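Comments concern the structure below.
Being a predicted model, the structure only gives us computed values, none of them experimental. Both ligands and their constituent atoms are indexed starting at 1 by order of listing. Worth knowing before you read on, the calculation uses all heavy atoms, side chains too, and leaves out hydrogens, waters and symmetry mates.
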Amino acid sequence: MSYADTERKYAFEVYPKRDLTLVRGEGATVWDDTGRAYIDCTAGVGVANVGHANPQVAEAIAEQAKTLATCAGIFYNDVRARLLEKLVAISPASLTRAFLCNSGTESMEAAIKFARHASGKSEFVCAMRGFHGRSMGALSATFKYRDQFEPLLPGFSFVPFNNIDKLRDAVGDGTAAVVLEPVQGEGGVRPADPDYMSAVQALCTERGVLFIVDEIQTGLCRTGSMFASDRYAISPDILCLAKALGGGVPIGAVLTSERVAPAVGMHGSTFGGNPLACAAALATIDYMQEHTLDRRARELGDYFAERFREKQPARVRELRQIGLMIGIELKEKATPYLVALMEEGVLALSAGPTVIRLLPPLTVGRDQLDVVIDKLLKVLSA
Ligand SMILES: Cc1ncc(COP(=O)(O)O)c(C=O)c1O
């Protein structure tokens with residue numbers, strides 16, 4: 001039986017699968033079980049920012065696995081302490097503490113609890129097309145994928161993204177927090193307008209409402225700065241992080257301002273803050289800083305956009321590019337083009353029915369990006 005057949009037989013399948021079995025990766029290249037190479041513009045859905053099998057991260061994981069892989073949160077730990085310090089150092093100035101967990105949805109789950117605890121309120125205003133995860137709390141803040149699972153948490157409302165008047169109308173006396181992605185990822189790679197974000201910040205400050213920023217997809221150099229929040233005049237109270245943080249090892253984090261005070265017993269996680277994931281995250285952030293991946297994402301993303309726009313095929317409605325977070329909105333369904341790209345040796349994602357999304361490792365070579373552009377132009381012009 002092939003690996004695909006084995007998965008088909010035994011998996012509790014929840015994913016629309018592609019007919020491809022990946023077995024190895026290096027940098028921005030992945031290989032299937034027949035030895036064919038692909039340029040990976042999925043990066044594990046925005047995880048492998050430092051490249052697949054990054055040697056610095058692999059070394060750190062191996063060393064830590066031989067030293068201490070697990071350490072409950074009731075004890076202090078050397079590696080965890082170093083990661084907490086590093087996270088606060090690189091994050092927006094308003095954020096001074098971090099809670100460590102294991103995934104994006106867990107980080108949003110914790111953010112919702114922390115905001116309710118800090119504010120004493122239970123309502124959240126979120127954005128249409130927003131995506132924050134699939135556990136019941138995070139799903140309550142998510143615009144799609146909810147129908148089959150209601151009732152979800154009460155008190156969540158949705159307003160159009162980038163519309164400050166609608167947000168102002170929605171924020172009330174019971175509002176604990178406003179929840180936004182700086183660039184909506186799953187929702188189609190849609191960046192927030194700088195004026196909108198400034199107005200959201202002003203509104204939150206004026207009404208005493210917490211501002212939760214979901215940087216799970218945008219964080220850690222993806223958009224050309226360490227955090228997408230750095231591009232805006234905002235001081236978030238809570239910032240959620242996961243995906244790229246562990247260089248492939250599962251880890252999430254919730255960064256909080258002093259307004260969001262912790263209390264012993266309010267939350268916990270067996271694996272949260274385990275030294276193995278912390279060592280991977282420290283090595284990942286070190287690599288990003290040593291190789292200035294923020295600048296690299298900015299430069300390569302701008303290069304991509306310039307070259308793509310020169311010959312933009314007629315079936316493209318719009319290119320939206322922020323660093324190496326790229327959305328190509330088509331005038332038709334994206335899936336056939338994702339399949340055609342795969343046949344050409346390029347793996348890409350969708351973001352809604354008509355958007356091709358590219359999230360390559362930020363270590364991708366300019367020559368590899370040239371191939372991606374050529375293949376995109378080829379399949380989109382066919
Ligand atoms: C913005 C955003 N928030 C939350 C999540 C959920 O993260 P996870 O899949 O790690 O639970 C995602 C995942 O795609 C995301 O893009």
Looking only at heavy atoms, the pair that brings Pro191 and Val189 closest together is CD-O, 3.7 Å
When distances are taken from atom 3 (N) of ligand 1, the protein heavy atom at minimum range is Asp214 OD2, 2.7 Å
Open item on the list: Is there a side-chain contact between Val178 and Ile212 in this structure, where contact means two heavy atoms from C-beta onward sitting under 4.5 Å apart?
Closed with: no
Does some non-hydrogen atom of Met108 fall short of 4.0 Å from ligand 1?
no
Between Ala244 and Thr284, the two heavy atoms sitting closest are O-CG2, 3.4 Å
Per-atom filter on ligand 1: closer than 4.0 angstrom to a heavy atom of Gln217 are 16 (O)
Per-atom filter on ligand 1: closer than 4.0 angstrom to a heavy atom of Gly133 are 4 (C), 6 (C)
Is the terminal nitrogen or CZ of Arg366 (NZ for Lys, CZ for Arg) located under 6.0 angstrom from the six-membered ring centre of Tyr303 and within 45° of that ring's axis? yes
**Prompt:** Hey, are the side chains of Pro194 and Arg231 touching, using non-hydrogen atoms and a 4.5 Å cut-off?
**Reply:** no
Is Gly104 in polar range of ligand 1, meaning some N or O pair under 3.5 Å apart?
yes
Can a protein heavy atom be found under 4.0 Å away from atom 9 (O) of ligand 1?
no
Taking only non-hydrogen atoms of Glu181 and a 4.0 Å limit, the atoms of ligand 1 in range are 1 (C)
Open item on the list: Between Asp195 and Ser198, does the side-chain hydrogen bond (donor to acceptor under 3.5 Å, both in side chains) criterion hold? Intermediate values first, please.
Closed with: CA-CA 5 Å; Asp195 289 351; Ser198 303; 5.4 Å; no
Atom 11 (O) of ligand 1 has as its nearest protein heavy atom Thr105 N, 2.8 Å
For Glu186, the atoms of ligand 1 under 4.0 Å from one of its heavy atoms are 14 (O)
Q) Parallel, tilted or perpendicular: which fits the ring planes of His267 and Phe99, with parallel below 30° and perpendicular above 60°? A) tilted
The closest protein heavy-atom partner of atom 14 (O) of ligand 1 is Lys243 NZ, 3.0 Å
What verdict does the ring-ring contact (aromatic ring centres under 6.0 Å, His included) test give for Tyr145 and Phe131, after you've listed the backbone C-alpha separation in whole Å, the side-chain angles of each residue and the deciding distance to 0.1 Å? CA-CA 9 Å; Tyr145 311 116; Phe131 182 83; 5.8 Å; yes
of all protein heavy atoms, closest to atom 12 (C) of ligand 1 is Phe131 CE2, 3.5 Å
